[in-house]
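Structure record follows, encoded as structure tokens.
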Amino acid sequence: MAAPSLPCLLLLSFLLASPHLSAASRGSFLKLPLLHRPSPAPQLLRRGRSSGSPVTSGAPFGVGQYFVALHLGTPPQRLLLVADTGSDLVWARCSACRGAGCSRRAPGSAFLARRSSSFRPHHCYSASCRLVPRPSSPPRCNRTRLHSACRYEYTYSDGSLSSGFFSRETVTLNTTSAKTKAAAVRLKGLAFGCGFQVSGPSVTGSSFSGAQGVMGLGRGPISLVSQLGRRFGSSKFSYCLMDYALSPPPTSYLIIGDGPGEENATTSSSLAFTPLLANPLSPTFYYVGIKSVSVEDERLPIDPSVWSLDDLGNGGTILDSGTTLTFLADPGYRPILAAMRRRVGLPAAEGAPPGFDLCVNVTGAGRPRMPRLSFEMEGGAVFAPPARNYFIDVADGVSCLAVRPVGTAEGAGFSVIGNVMQQGFLWEFDGDRSRLGFSRRGCAAS
Ligand SMILES: *[C@@H]1O[C@H](CO)[C@@H](O)[C@H](O)[C@H]1NC(C)=O
Ligand SMILES: *[C@@H]1O[C@H](CO)[C@@H](O)[C@H](O)[C@H]1NC(C)=O
Ligand SMILES: *[C@@H]1O[C@H](CO)[C@@H](O)[C@H](O)[C@H]1NC(C)=O
Ligand SMILES: *[C@@H]1O[C@H](CO)[C@@H](O)[C@H](O)[C@H]1NC(C)=O
């Protein structure tokens, strides 16, 4: 991980609320609708070390990303961002255009920095500028120029990148609280990347499904949750990724702050918890511990070290909303695949798409019962997803195991629990208490 980790205190100074808004504080939270769109590529939208795994997109089969709208600037401009727990930076595609040409641009196709009176790039010598990775060239600060904006270059694991000016901007948000009605608040000084150069399959063209950027929800200090969490008195956030195969698709929400759960003991008590583990080498990621994996009631003989971080910070298992399919370390994946093959009890499908190791013919099987998969987490909680979270329909009558191997038989590579596997559960990330809560029953309540 190249993302520098500096004290979060630096960010406190960014987030000075307008004086007349000081009423919204502890007890209020943000509730942002999550929109889903199928996308043809960006299933590996995560920051950091390349996993070297073959990339299999779930998008042709109707799986994809979740998006959140963010209103940035003065007056506010609406931007659609990919919600990503696997990265930290909040960035939007920026346009420097001014004058008549701007009006021809489709509204919302990019953030028009010149149309905002509150846009301010960070200075390249500022402490804030050290929070973002610098571009390899040109040098971040040109000493011959008095005013030099903070340049950043943020790369994702597939080599996709966003590069531009690390800036400050005012964000407009609807807050909710138990006592007051929803209220629009304007927060000054949200640190975000104004991306002038954006490239790579995960963040461009049709594969980005019309999004204008990424909302980094990672654990590092520049993520949206780290920045806003301080404003709302808690670095907690939660989301529920509704099953988008349902019609009409139900609304999912991203909740930042304590949320309604705190006031509702029913919801809170139904959460099972597992510790969030820290990796100093990858401060962005939400690591969890897997103790064992079972298929049906057979606990598979997998060495637990396959799932865990080693002393050098390699390996481990993360939860990532920006990755669609689930990627498991090869030595753990093989026994799971073998057990699924043994127990699925359905004929193999002919002409299955490449990239899937197990595809079965479900024609005439009615509603086939797929083998149950469950993960025993650190702390004893059991994550037992429904079969549709790991078997996806890729064609008429063809269902494939939506889990892919990563790394080699010798190890290397870390495991990623992607967004399809997370569907239908409420996930609560609590950075302060270093724990992750999840519940099969929490979704309806939000
Ligand atoms: C610094 O800025 C000056 C003036 O804009 C330019 O001529 C020079 O090439 C720049 N230096 C570097 C190293 O980019
Ligand atoms: C706030 O909520 C209203 C009503 O739901 C909506 O029209 C508006 O776009 C929202 N504003 C922001 C900044 O989310
Ligand atoms: C599935 O099985 C049916 C008959 O049971 C067969 O007609 C069909 O071609 C098979 N489809 C695939 C993709 O294997
Ligand atoms: C808590 O959530 C449950 C389940 O959604 C709901 O039935 C109940 O009314 C809620 N209680 C309060 C106090 O909001």
Quiz item: Side chains of Q422 and Y239: donor-acceptor distance under 3.5 Å anywhere?
Solution: yes
Practice problem: Ignoring hydrogens and angles, state whether a donor on the side chain of D432 or S235 is under 3.5 Å from an acceptor on the partner side chain. | Solution: yes
Quiz item: Between the side chains of R93 and S162, is a donor N or O closer than 3.5 angstrom to an acceptor N or O?
Solution: no
Self-check item: Option among W427, F273, F375, F429 that satisfies the ring pair (Phe, Tyr, Trp, His ring centres under 6.0 Å) test with F438
Solution: W427
Exercise. Might you point out which heavy atoms bring P121 and F165 nearest each other, and give the distance in Å?
Key: CB-CB, 4.4 Å
Quiz item: When you look at V360 and V398, which way does the side chain to side chain contact (heavy atoms under 4.5 Å, CB included) test go after all the steps?
Solution: CA-CA 6 Å; V360 291; V398 180; over 6 Å; no
Exercise. List the steps, then state whether side chain to side chain contact (heavy atoms under 4.5 Å, CB included) holds for M215 with V82.
Key: CA-CA 6 Å; M215 178 185 281; V82 171; over 6 Å; no
Quiz prompt | Sole candidate of D88, I256, L190 that passes side-chain contact (heavy atoms from CB on, under 4.5 Å) when paired with Q227 | solution = L190
Quiz item: Would you say the side-chain atoms of E169 and S116 include a donor-acceptor pair closer than 3.5 Å?
Solution: yes
Quiz prompt | Backbone of L241 reached by a side-chain donor or acceptor of Q423 within 3.5 Å | solution = no
Practice problem: Could you verify whether a donor N or O on one side chain and an acceptor N or O on the other, from S223 and S226, lie under 3.5 Å apart? | Solution: yes
Quiz prompt | Between T284 and R219, a side-chain donor and acceptor under 3.5 Å | solution = no
Quiz item: E376 and S292: side-chain donor and acceptor closer than 3.5 Å?
Solution: yes
Practice problem: Please determine, by modelled atom types, if Y286 and D320 share a side-chain donor-acceptor pair under 3.5 angstrom. | Solution: no
Exercise. Find out if the SG atoms belonging to C359 and C400 lie under 2.5 Å from one another.
Key: yes
Practice problem: List the steps and the verdict of side-chain hydrogen bond (donor to acceptor under 3.5 Å, both in side chains) for T170 and R186. | Solution: CA-CA 6 Å; T170 297; R186 288 172 59 72; 4.6 Å; no
Quiz item: Is the gap between the SG atoms of C150 and C124 under 2.5 Å?
Solution: no
Quiz item: Does R404 make a cation-pi contact with F327 (under 6.0 Å, within 45 degrees of the axis)?
Solution: no
